[in-house]
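This report refers to the structure that appears directly beneath it.
First listed ligand is number 1; within each ligand, the first listed atom is number 1. Quantities reported herein were computed from a predicted structural model and do not represent experimental measurements.
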Amino acid sequence: MIENFKNEVNKGLESNPKTLPSKYFYDKKGDALFVEIMNLPEYYLTRCELDIFQNKTQELVDAFGVKPNTYFELIELGAGDGTKTKELLKLLDSENYSFDYFPIDISSNALGLLEQDLNKELPNVSVQTKQGDYFEILATLKDSKKPKIVLFLGSNIGNMTDDLAAKFIYNLGANLQAGDKLLLGVDLIKANEIVRPAYNDSKGITAKFNLNLLDRINNELDGDFNLNHFKHQPEYDKNEGIAKSFIESTIDQTVEIKAIGKTYKLAEGEKIHTEISRKYNDKLVEKIIANTDFNLEAKIQDNKGYFADYILTRH
Ligand code: AVI
């Protein structure tokens, strides 16, 4: 794990332009900052998808094509605190659907809390938490041959390049059977005035979240990044439809990462690219799934039309 971190940091800082992978945002502090982001007035994504789960719940269930008396497995990739999914579980529970809920997460702590919460609030729902890598767990669930619905919410797919997203969805399909469903939650392409503040909030939480990556390198790899000499630099243009986060060096400087045994030079104004958050439309989703085993079944949007849950069927 630490070896991968070292190698990826070194590779990214030796590249031109420099990059660092966004997956390393999520240490304990990064997780807490992301929770703060989800509650920010500017960060509409979470609220919009929650609106779908609260107000379009029946539409979601209809698109899944499940019946109360036919058992299915509801699998969630990266369940987090399950706030949105709970809305769906409530409806399935009250209408006596027969299913097990399998939340998969890398964090056993998050899963423990979710299980406790659901056992208390929805005691009739069978919750089977699975800690670990999505694909390793899906491979084990594949053996059951039961109908499956996979949830991948929050526009998490948007943190992948389109090529990686296509591979990811293809691999999901390889672990499913004909008729199984994938619910893909994505943020939609929209005006700069709406997207830009979501990645550059007035309280500076997103800036902290981005710069925390340098802090993590300092803590875990014995680096000497001085956070006062870097700033959060986000970009979004509607024509491209990708929000990008950079960390910009505000002076000419050299940083040392002792665990790697190397120094890296940064010029004033030089940027390290840390994250992409792709925004979508129908055409892009169609293009991404073109070489996978999924068809587009339905698109369910929030009341503002900012966010969409696409339901895909494995053919
Ligand atoms: C987790 N992911 C979908 C978030 C996003 O919107 O891309 C991460 C994030 N980055 C900055 N703010 C939130």
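Using a 4.0 Å cut-off to heavy atoms of Y26, the atoms of ligand 1 that qualify are 1 (C), 8 (C). Counting atoms of ligand 1 from 1 in the listed order, those under 4.0 Å from a heavy atom of S155 are 3 (C). For ligand 1 and G154, the ligand atoms under 4.0 Å from any heavy atom of the residue are 3 (C).
If you check which protein heavy atom lies closest to atom 7 (O) of ligand 1, you get S277 OG, 2.6 Å. If you check which protein heavy atom lies closest to atom 9 (C) of ligand 1, you get E275 OE2, 3.6 Å. Regarding atom 5 (C) of ligand 1, its nearest protein heavy-atom neighbour is Y43 OH, 3.3 Å.
The proximity of N159 to ligand 1, defined as any non-hydrogen pair under 4.0 Å, is limited to the side chain. Only the side chain of Y199 comes within 4.0 Å of ligand 1, judged by heavy-atom distances.
Using a cutoff of 4.0 Å between basic side-chain nitrogens and carboxylate oxygens, K244 and E240 are scored as salt-bridged. Remark: D282 engages K299 in a salt bridge, criterion side-chain N to carboxylate O under 4.0 Å. Under a 4.0 Å N-O distance rule, the pair K86/D117 qualifies as a salt bridge.
A cation-pi arrangement is not found for K148 relative to F72, the charged atom failing to lie both closer than 6.0 Å to the ring centre and inside a 45° cone about the ring normal.
Taking the six-membered ring where the residue is Trp, Y43 and F34 present perpendicular rings, their angle passing 60° and hence far from 30°.
Using a 4.5 Å cut-off between side-chain heavy atoms of Ile, Leu, Val, Met, Phe, Trp and Tyr, I276 falls into a hydrophobic cluster with I242.
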